[in-house]
Each structure stands twice: as structure tokens, then as C-alpha cells.
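Bear in mind the structure is a predicted one, so any value in this text is a computation, not a measurement. Keep in mind that the numbers below use all heavy atoms, side chains included, and drop hydrogens, waters and symmetry copies.
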Amino acid sequence: MSQVKKVWVLAEKTDALAQLCAGGRQLGEEVGALVWGSRAEAEKAAAYGADKVYWLGSLEQGRMLEDYHLTISELLKKETPDLLLVQPSRRGKHMAGRLAAGLGTSVIVDAADITIVQGDIQIKHMVYGGGAFRVERAFGPTTITTVGAGIFSAPAEASGHQGEIDRGEIVEVEFREPAVSVKCLEKKSKAGAEVNLNAAKRVLGVGRGFAEQADLKMAEELAGLIGAEVGCSRPIAEGVNWMARERYIGVSGAMLKPELYLAIGISGQVQHMVGANQAKTIIAINKDKGAPIFQQADYGIVGDLSKILPALSGLIKANR
Ligand SMILES: Cc1cc2nc3c(=O)[nH]c(=O)nc-3n(C[C@H](O)[C@H](O)[C@H](O)COP(=O)(O)OP(=O)(O)OC[C@H]3O[C@@H](n4cnc5c(N)ncnc54)[C@H](O)[C@@H]3O)c2cc1C
């Protein structure tokens with residue numbers, strides 16, 4: 001694949017930063033990383049393979065990440081990277097939108113594939129709620145895209161620079177106060193939101209086949225036994241509200257690429273499956289043998305989950 005000259009990456013979390021740096025190395029001759037936090041964080045980005053780390057410093061008390069849009073868009077205008085890869089977190093998407101507005105371009109969201117054809121950046125992403133893919137090209141000197149999970153894999157730390165952290169140059173960036181800033185007045189922790197489905201090797205998804213919230217205990221027990229994170233279909237998080245929104249999988253939720261996806265009481269509508277069909281192995285449990293999920297599953301069990309889940313957990317425990 002041909003490469004462009006400069007690819008920059010912007011991520012809030014370290015694992016996403018490592019993945020985007022790996023992607024940057026595939027797509028660009030030079031990788032630049034925009035990093036907040038301590039100098040150690042900036043050095044980490046260099047170890048992940050960034051040639052230049054644009055170090056934005058630590059967030060001052062009460063300052064929001066969003067306030068950096070002016071600082072970063074000025075930098076983008078000056079340095080004109082060909083491509084900016086952004087972590088698709090809510091804050092990442094927000095920032096991507098603001099940066100694109102500052103540059104007079106638009107964001108191509110949730111890239112499923114990025115190819116460079118003779119210097120032309122072509123981005124494939126899902127449209128019509130997962131019904132089709134479209135290949136798009138952005139106008140302007142810098143293409144901005146948020147990148148779906150699992151598109152690039154993170155290399156072992158420091159592989160980009162053979163472990164020599166100081167090979168990546170660290171450039172200190174001065175903060176530019178935007179005309180209108182966002183102030184954080186109060187922070188409250190959100191119960192149950194601490195989950196990183198993208199990083200999980202095994203995910204067990206629960207759907208509307210569960211009649212009662214209390215029945216989820218059967219799924220949680222099995223997940224614990226096989227070392228899986230629990231995710232869900234959208235109606236479980238945004239209909240009956242049995243789980244946090246961070247746990248729902250699909251086109252408008254988390255996009256996964258685990259080794260195993262175990263879908264229980266999930267019909268397999270396209271909007272859900274686009275978030276799960278990159279799994280290496282899909283196993284479905286559903287009482288309806290005509291459920292669409294069985295067309296995408298590698299293995300299927302037709303039956304009532306209230307009988308199958310305790311039986312599976314019992315078998316695993318008995319064979320330990
Ligand atoms: C624009 C748009 C975006 C959307 N985005 C998403 C998204 O990101 N993620 C998402 O998940 N959905 C999304 N949806 C909703 C999606 O279309 C489906 O409605 C949803 O995924 C269905 O969830 P489900 O499979 O849990 O429920 P259902 O479709 O109701 O399926 C329940 C399944 O459980 C089975 N079942 C019932 N009882 C049992 C039992 N006792 N034992 C075993 N099996 C049983 C049934 O046979 C059925 O197949 C979106 C929809 C739209 C329009």
C-alpha cells in the first residue's frame with residue numbers, strides 16, 4: 001500500500017493511542033501524536049512509534065479537553081498533516097467535529113478501512129445503519145476520521161522505535177485560549193460505566209431474550225467462568241435500561257473485534273451484528289431456529305437460555 005507523508009493521531013486513552021500510532025505507521029511516512037498529560041505520557045507515545053509528539057501538557061484544574069480545539073486546529077493548519085486519526089470515544093468524536101469545523105472540512109466517521117491510492121486517502125465506512133459501506137474522500141489538506149475498533153492492532157510497546165524512547169521528538173505546544181470555553185463545574189462518577197469492551201478478548205452479549213433483569217445473573221456467571229466481558233443489544237441499555245450505555249454493541253454502540261462473541265437471546269439484526277461480526281468466532285444461543293443470528297454464527301444452540309446457561313455453567317464448573 002502506498003503511504004502519505006504525515007499521519008497524526010489523537011487519542012484520550014493509552015491503548016487507543018498505541019493502536020492509532022500503529023495505524024499511522026502503516027499509512028504514513030511520519031507519525032505525529034497529540035498527547036495530553038505528563039511528560040511520561042508524551043514519552044510513551046514516542047515509544048508507541050510516533051516520530052513527533054505534540055505535547056499539550058496536563059489539563060489545568062477545571063479545563064476541558066474540548067478547549068484545545070483552537071490550539072490543535074492552529075497546529076493542523078500550520079503543519080498540514082495529510083490524515084488525522086481520532087479515537088472514536090464521545091469526546092474524540094466531539095473534538096474531531098470541532099477540528100473539522102475549524103479547518104472547513106468534515107469528519108468521516110468510524111472508518112472500517114483506510115486505503116491510500118497514489119496519495120489519495122480513501123475511507124470505507126458504514127452507512128444506512130449498517131446496511132451498506134461507502135468509500136469517501138474528504139476535501140481539504142487534512143482528512144479527519146474517527147477509526148473503528150480493531151482496524152489497527154497495537155504493537156508491543158516501543159516496537160516503532162526499537163525501544164529507544166528518545167528517538168521520537170517531543171514538541172511542547174502552547175495552549176491557545178478559545179473565545180468561548182467550556183468549564184467543568186462538577187464531576188460525578190457514573191455507576192457501572194467502567195468497561196472497555198473493545199479491549200476484551202471474549203464478549204458475552206445479552207439481548208431481549210432475557211425476560212427479567214434478575215436473569216442476567218445467569219449470563220454474568222457464565223461470563224465469569226469463561227473470562228468474558230458482558231455486553232448487550234441496544235434495547236437492554238436504552239430500552240429497559242438494565243445495563244450502562246457503554247455496554248451496548250452495534251452501529252450506534254461499541255464496535256468489537258474479540259476472539260469470541262457469545263450472543264444470548266439476541267436476534268441478530270444488522271445494526272447489532274455490525275458491531276460484533278468482526279469476532280473470530282461467534283456462538284449464538286436462541287430459542288428460535290429461524291433467528292437471523294444463526295446465519296452469522298459459527299456455532300449455534302437452539303433452545304431456551306434459562307435452561308442452557310445454567311447447564312453450560314454447571315458443565316464448566318464440573319470440568320474444572
Ligand atoms: C438507526 C438504528 C440504530 C440501531 N443501533 C443498534 C445498535 O447499535 N445495537 C443494537 O443492538 N441495536 C441497534 N438497533 C436496534 C436493532 O435494530 C434491534 O432492534 C436490536 O438489536 C434487537 O435487540 P435484541 O436482539 O436484543 O432483541 P430482539 O430482536 O427482540 O430479539 C430477542 C431474541 O431473543 C430470542 N429469545 C427470546 N426468548 C428467549 C429464550 N428464553 N431463550 C433464548 N432466546 C430467546 C428471540 O427468539 C429473539 O431472537 C438500532 C436500530 C436502529 C433503527
With hydrophobic residues grouped by side-chain heavy-atom distances under 4.5 Å, do [X] and [Y] end up in a single group?
X: L260; Y: L312; result: yes
X: V127; Y: I108; result: no
X: V270; Y: V251; result: yes
X: I316; Y: L216; result: yes
X: I266; Y: I282; result: yes

Looking at [X] and [Y], what are the two nearest heavy atoms and their distance?
X: R202; Y: I226; answer: NH1-O, 2.7 Å
X: A199; Y: D15; answer: CB-OD2, 4.3 Å
X: I285; Y: G303; answer: CG2-O, 4.3 Å
X: N198; Y: A254; answer: OD1-CB, 4.3 Å
X: A96; Y: I144; answer: CB-CG2, 4.1 Å
X: L225; Y: K317; answer: CD2-CG, 3.9 Å

Passing candidate, side chain to side chain contact (heavy atoms under 4.5 Å, CB included) with L309, options D215, V206, I264: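 Among D215, V206, I264, the one that satisfies the side chain to side chain contact (heavy atoms under 4.5 Å, CB included) with L309 is I264.
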
Check: [Y] main-chain N/O paired with [X] side-chain donor or acceptor under 3.5 Å:
X: E221; Y: S313; result: no
X: S58; Y: G37; result: yes
X: T146; Y: Q87; result: no
X: D67; Y: S181; result: no
X: T142; Y: P81; result: yes
X: D82; Y: V4; result: no
X: R247; Y: V230; result: yes
X: N286; Y: I301; result: no
X: H125; Y: D110; result: no
X: N319; Y: L315; result: yes

Spatial distance of atom OG (S73) from atom CG (L99) [nearest 0.5 Å]: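 One finds 6.0 Å between OG of S73 and CG of L99.
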
Rounded distance (nearest 0.5 Å) linking atom CD of Q271 with atom OG of S233: 11.5 Å

Side-chain donor-acceptor pair present, Q122, D120, cut-off under 3.5 Å: yes

Exercise: do S252 and R234 side chains pair donor with acceptor under 3.5 Å: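 Looking only at side-chain atoms, R234 and S252 do form a donor-acceptor pair, the distance falling under 3.5 Å.
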
Pi-cation contact, Y48 with R25 (under 6.0 Å, within 45°): no

Does [atom1] in [X] sit with more than 12 non-hydrogen atoms of other residues, nucleotides or ligands closer than 6.0 Å?
X: Q295; atom1: CD; result: no
X: E74; atom1: CD; result: yes
X: R137; atom1: CZ; result: no
X: E212; atom1: CD; result: no

Could you check whether any side-chain heavy atom of [X] comes within less than 4.5 Å of a side-chain heavy atom of [Y], counting everything from C-beta outward?
X: V274; Y: M126; answer: yes
X: L65; Y: W36; answer: yes
X: M218; Y: L305; answer: yes
X: W8; Y: L76; answer: yes
X: T71; Y: L56; answer: yes
X: I123; Y: D113; answer: no
X: K6; Y: E29; answer: no
X: L17; Y: V9; answer: yes

F210/W242 aromatic ring centres below 6.0 Å: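 No.
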
Working for side-chain contact (heavy atoms from CB on, under 4.5 Å), residues V35 and K44: CA-CA 10 Å; V35 176; K44 218 181 251 176; over 6 Å; no

Aromatic plane relationship, Y261 with H272 - under 30° parallel, 30 to 60° tilted, over 60° perpendicular: tilted

Intermediate values then yes/no, side-chain contact (heavy atoms from CB on, under 4.5 Å), Y68 and R176: CA-CA 7 Å; Y68 280 82; R176 299 262 333 258; over 6 Å; no

Chi angles and distances behind the side-chain contact (heavy atoms from CB on, under 4.5 Å) call for V147, V86: CA-CA 6 Å; V147 182; V86 183; over 6 Å; no

